[in-house]
Amino acid sequence: MTQRVQIEYCTQCSWLPRAAWLAQELLTTFETELTELSLKPGTGGVFVVRVNDEVVWDRREQGFPEPTAVKRLVRDRVAPGRSLGHSDKRL
């Protein structure tokens, strides 16, 4: 099964480093589960994370994500039941 993540980021806001960092975190965590991770340049303040075309995080509604929050959302879609170790611990 294809498991795709897309991070759309605003080029006008220079959010490529933030998007690349999040992409690295996801690829490191889900190196065997993801078949594709793409960075999509956008404009207008966009920062959206999609898993298999489903929006799981939108900066306009939720602010900038912490990597652990996005990891949980991605895990729930691509590897349900998998432990994320310390990332699963709630504060």
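Taken to the nearest 0.5 Å, the CD atom of E66 stands 10.5 Å off from the CD atom of E25. Here the CZ-CZ distance, from R18 to F64, works out to 4.0 Å after rounding to the nearest 0.5 Å. How far CG of L37 is from CZ of R4: 11.5 Å, rounded to the nearest 0.5 Å. Note that CG of L26 is 10.0 Å distant from CG of L73, once rounded to the nearest 0.5 Å. To the nearest 0.5 angstrom, L39 atom CG is 6.0 Å from Y9 atom OH.
Hydrophobic clustering, with ILVMFWY side chains joined whenever heavy atoms are under 4.5 angstrom apart, keeps V55 apart from V78. Under the 4.5 Å side-chain heavy-atom criterion for grouping Ile, Leu, Val, Met, Phe, Trp and Tyr, V5 is not connected to V48 through any hydrophobic cluster. Grouping the Ile, Leu, Val, Met, Phe, Trp and Tyr side chains by contacts below 4.5 angstrom, directly or via other members, places W21 apart from V49.
Closest heavy-atom contact between G45 and C10: N-SG, 3.3 Å. Contact between W57 and G63 at its shortest, heavy atoms only, is NE1-O, 2.7 Å. Closest non-hydrogen pair, P67 versus L22, comes out as CA-CD1, 4.1 Å.
Within the 4.5 Å cutoff, side-chain heavy atoms of L84 are placed close to those of R72. R77 has its side chain within reach of V56: a pair of non-hydrogen atoms, C-beta onward, lies under 4.5 Å apart.
Under the side chain to side chain donor-acceptor pair (under 3.5 Å) criterion, N52 pairs with Q3, sequence neighbours left out.
Without hydrogens or angle criteria, R50 side chain to I7 main chain gives no donor-acceptor distance under 3.5 Å. At distances below 3.5 Å, at least one donor-acceptor pair connects side-chain atoms of Q62 with backbone N or O atoms of D58. A donor-acceptor contact shorter than 3.5 Å links the side chain of T11 to the backbone of G42.
Judged by the 6.0 Å and 45° rule, R75 forms no cation-pi pair with F30.
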